[in-house]
Amino acid sequence: MKRLYVLFSLLLCLRAVLAQNPKLPPKPPLEPTQPYRLELPLERYTSDVLVQPLPEDSSVVLLVEKDPVLAGKTEYTFQKFDYRLRPSKVVPLSVPRGYEFRQICAEGTDVYALFQGTTEGTLWVAAFDTRTGELGTGEFKTKRAREVHDLKALDGNLFVTVEVEMHLTLLLLDLKTATFRFLPSVYEPLPASFTFLADSVTKRAELILSETNGFKSRLQLKQLSDNGQLLHSEFVQAGSERGLLEAQLSPGDSAARLLAGTYTLRDSRYSQGLFAADLNAGVTPTGQRRSLRYYDFLNLKHFFDFMKPARVARMRQRSERLKATDRQYRHRYRLLMHDMMPTPDGYVLVAEVYYPRYNYSSTYSNFGSLYNYGYPGLGAFSRAYSPMGSRRNDGYRTTHTLICGFDRQGNLLWDNSFLMKEVEQFSLHETVRVRPLADGRRLVMAYLKDDDLYYKIVDQAAPAPNDWQVKLQTNTTGAPEKSVNTQQEHLTAWYGSRFLASGYQHVNPEKGQSREVFFVNVIEFR
């Protein structure tokens, strides 16, 4: 009797524990380590730091900008660190007065920083050879270049995307001869959109221009040499009512030449699905691409993982009804595409699904403004306004990231997705980073939010949890500390299966004085 009473008591205790913890989360099959951490005694109000990874030699370069305490010039330094974040070289950079930082990029082990002057059309470049520590600088008085949008390096030359007289064009800066020229082969009226890829392997620059008349969209591909000469130009367009929105081109020196991106149905604002084309397969007598393939989002296995199954089922049923009447279900998604990644089987394409957030204000409202969000798939943005109301863009929200594997001919091998937790930003830029794991098959997708690294292990189309996360460590010794505030956090893909997490932190130790730092943590998956 006594044994029965003890057993009954144990069962009650177990039931109470399970009631408090009904389902313990599964342990991730792969947890990252944070073996190295760098701290610089900097405050975010008086400094700025740009993190430039160098996979070539497993190092990282920081461009540190410090505001003067009272008066004087802003101080800049290039600082190089090895794979353990040990300091290697520190090179002061004397930037002339009247210049502000705009862009940074790297090629091999050379780092380039671009500054724009207050005098119209003037640019200043700093080139840092991280192997020797040599620093070269030069000024370019272009007179015409206005807003700077992007910077890429190719064989020692810099390609700068700039605005000139309400057009978007490329400016070539020849650092060897200290000369410049605008490339006449690229001169697109604003608003314009193009993707620029500088391939150091082939010594070629690839340009993908998106052109639309508001109803039909097509792509124009231009291939440039490392000195800006136009080598080849061609159009890629779809038949019927489809239009090609934007795309990425496969990198590297390979016999394959794959173009993959998004297509639309008439409305050039929204994507209907993915397309892929083997550019080496040629065209038909009417000019159509023989290898052009389309993959509606409804045909993907994981694109709608963010929805409830019942809602997806209703959407598929509606799509089937429309097909019976020769119509198509129309999606309303916007995708931010990443550069294509080579894999043993072909290529991987990554795209973040986002939508704009709008602020609606009304003269009749006592609340000043109403925030209304247009969620993907609803068909239209929810709006609240009066006849005297106004709407302004209030940033962007990313809901999930799509990842797809293609073979070298453009056949879709698999797809997966990474659901994200209310990631919001004021300007549109890449949030998720992707690196391959050591087995050559799996990939890790990750992003930072506050003090947490969220990640997912992708094994092609196999389902996997989306909510694995680890805290950013404030030291590597295990000493008890607490990060009170993390701001301007940024995740950078580095080399191998490693990432760099960076930002500003206020750290409170259990004993001793708190500290304000700019940090860099190595995030390593094995």
Side-chain angles (χ1 to χ4, degrees), residues 18-26 28-29 241-242 245 262-267 269-275 294-336 349-358 370-384 396-405 412-424 431-432 443 445 447 449 454-469:
L18 291 175
Q20 294 177 356
N21 302 281
K23 186 178 181 180
L24 296 176
E241 60 182 355
R242 295 188 182 100
L245 284 180
T262 59
Y263 75 93
T264 183
L265 292 177
R266 297 187 179 181
D267 193 334
R269 294 173 298 173
Y270 305 114
S271 300
Q272 181 71 16
L274 302 178
F275 79 90
Y294 303 98
Y295 304 96
D296 189 296
F297 291 138
L298 278 169
N299 295 330
L300 301 182
K301 185 176 181 180
H302 290 286
F303 186 87
F304 296 101
D305 284 356
F306 69 96
M307 286 186 182
K308 293 183 178 179
R311 183 179 171 189
V312 178
R314 291 194 300 269
M315 184 170 55
R316 294 188 187 280
Q317 291 171 2
R318 184 183 176 191
S319 175
E320 291 300 321
R321 291 196 299 268
L322 289 173
K323 282 183 181 180
T325 60
D326 293 329
R327 292 183 295 169
Q328 292 192 58
Y329 186 92
R330 296 183 184 273
H331 304 293
R332 299 175 71 88
Y333 295 98
R334 303 172 194 250
L335 274 68
L336 176 64
L349 186 67
V350 176
E352 300 180 26
V353 184
Y354 72 94
Y355 62 89
R357 300 169 58 231
Y358 292 104
L370 296 171
Y371 289 88
N372 297 272
Y373 306 113
Y375 289 92
L378 292 183
F381 289 136
S382 171
R383 297 185 179 183
Y396 304 89
R397 174 175 287 184
T398 303
T399 58
H400 61 292
T401 298
L402 174 67
I403 181 168
C404 297
L412 182 64
L413 302 177
W414 54 267
D415 75 271
N416 216 315
S417 65
F418 183 21
L419 309 188
M420 303 167 71
K421 294 182 178 294
E422 297 182 350
V423 174
E424 298 180 355
T431 302
V432 172
L443 299 155
M445 306 177 70
Y447 68 94
K449 185 177 179 183
Y454 293 86
Y455 68 98
K456 178 174 183 173
I457 306 301
V458 176
D459 186 356
Q460 298 190 0
N466 293 272
D467 54 358
W468 288 332
Q469 64 188 85

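FYI, the numbering just counts along the sequence from 1. Computed from a predicted model, the values in this text were never measured in an experiment.
- At least one side-chain heavy atom of Met445 sits less than 4.5 Å from a side-chain heavy atom of Val458.
- For the atom pair Glu352 CD and Thr401 OG1, the distance stands at 4.5 Å (nearest 0.5 Å).
- The CG atom of Leu336 lies 12.5 Å from the CG atom of Leu402; values are rounded to the nearest 0.5 Å.
- The structure places CZ of Phe275 at 12.0 Å from CZ of Arg242, a figure rounded to the nearest 0.5 Å.
- One distance of note links CG of Leu412 with CG of Leu274; it measures 7.5 Å at 0.5 Å rounding.
- The two residues Arg334 and Pro356 have their closest heavy-atom pair at NE-CD, 3.5 Å.
- For the pair Asp296 and Gln272, the minimum side-chain heavy-atom distance is below 4.5 Å.
- Using a 4.5 Å cut-off on side-chain heavy atoms (C-beta onward), Thr431 and Met420 make contact.
- In this structure, the separation between NZ on Lys421 and OG1 on Thr399 is 13.5 Å, given to the nearest 0.5 Å.
- Every residue two or more places apart in sequence or in another chain that forms a salt bridge (Lys or Arg N to Asp or Glu O under 4.0 Å) with Glu320 is listed here: Lys323.
- The minimum heavy-atom distance between Ala461 and His302, with the atom names listed, is O-NE2, 2.7 Å.
- Tyr454 places none of its side-chain heavy atoms less than 4.5 Å from the side chain of Asp467.
- Put simply, the side chain of Lys456 reaches to within 4.5 Å of the side chain of Asn416, judged on heavy atoms.
- When the options Tyr263, Phe297, Tyr270 are evaluated for a ring pair (Phe, Tyr, Trp, His ring centres under 6.0 Å) with Tyr333, the one that passes is Phe297.
- Taking the six-membered ring for Trp and the full ring otherwise, His331 and Phe304 have centroids separated by under 6.0 Å.
- In this structure, Trp468 and Ile457 have side chains that are in contact, with non-hydrogen atoms separated by less than 4.5 Å.
- The two residues Ser417 and Asn466 have their closest heavy-atom pair at O-OD1, 3.5 Å.
- Checked by atom type and distance alone, the side chain of Arg330 pairs as donor or acceptor with a backbone atom of Leu265 at under 3.5 Å.
- Under the 4.5 Å side-chain criterion, counting only non-hydrogen atoms from C-beta, Ile403 is not in contact with Phe418.
- A heavy-atom distance below 4.5 Å is not found between the side chains of Gln469 and Lys449.
- Taking CG of Asp415 as the reference point, atom CZ of Phe303 lies at 10.0 Å (rounded to 0.5 Å).
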